[in-house]
Amino acid sequence: MSNLKKQIKANATAVASALLLSTAVSNTSAQEKTGILGVDHVGINVPDMKQAVNFFTDVLGFSAVTTLGPIPLDNAWKKSNHMNAQTGPVTIKMVKAGTGANIELFEY
C-alpha cells in the first residue's frame, strides 16, 4: 500500500472513529431522557457514489450492504424539504463497518 493511501486511510479512520465515538460516548442521562439506545447509521450526501463506495470499501474496509435507486423525487416533496427544483433522482447505498454502525450514502 502506498504511503499516500496509508495516510488517507489513517486520517479517514480517525475521522470516522471520532464521529462514531462521539455518538457512542454521549451523556448517558441525555440518552435516558430521550430513550436513545444507540446509533444505527449516519447519512452523508456524496457527489460521486462510485468514488464514495470505493473509498469506504477499499480504504476503510466497509462492506457494501444495499442499494436503492435511482429514485425520482416528487416536486412537492422537493419543495417541502427545501430542495432545489432541478434536483434529479436520488441513489442510496448503505455501507457497513464490520459489526458496527452503517453509513448511508446519498447521491442526487
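Every pair tested for side-chain hydrogen bond (donor to acceptor under 3.5 Å, both in side chains) that includes a residue from residues 70-92 fails, sequence neighbours excluded, so the list is empty.
Smallest separation of non-hydrogen atoms from Ala64 and Thr57: N-CG2, 4.0 Å. Across Pro72 and Pro70, no two heavy atoms sit closer than the pair CD-O, 3.9 Å. Across all non-hydrogen atoms, the minimal contact from Glu107 to Met49 is OE2-N, 3.2 Å.
Distance check: Ile44 CD1 to Phe106 CZ gives 10.0 Å after rounding to the nearest 0.5 Å. If you take OG1 on Thr66 and CG on Asn102, they are separated by 10.5 Å, rounding to the nearest 0.5 Å. Between Asn54 atom CG and Phe62 atom CZ the span is 14.0 Å, to the nearest 0.5 Å.
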Hey, mind stepping through Glu104 and Ile92 against side-chain contact (heavy atoms from CB on, under 4.5 Å) and telling me if it holds?
CA-CA 7 Å; Glu104 192 172 21; Ile92 304 166; 3.4 Å; yes
Determine, step by step, whether Met83 and Leu73 satisfy the side-chain contact (heavy atoms from CB on, under 4.5 Å) criterion, reporting the C-alpha distance in whole Å, the side-chain angles of both residues, the deciding distance to 0.1 Å, and the verdict.
CA-CA 10 Å; Met83 294 182 75; Leu73 301 174; 4.0 Å; yes
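Under a hydrophobic-cluster definition in which Ile, Leu, Val, Met, Phe, Trp and Tyr are linked whenever side-chain heavy atoms come within less than 4.5 Å, directly or via other members, Leu105 and Val90 are assigned to different clusters. Taking hydrophobic clusters as Ile, Leu, Val, Met, Phe, Trp and Tyr residues chained together by side-chain heavy-atom distances below 4.5 Å, Val46 does not share a cluster with Leu68.
With sequence neighbours excluded, the residues that form a side-chain contact (heavy atoms from CB on, under 4.5 Å) with Val65 are Met94, Lys96.
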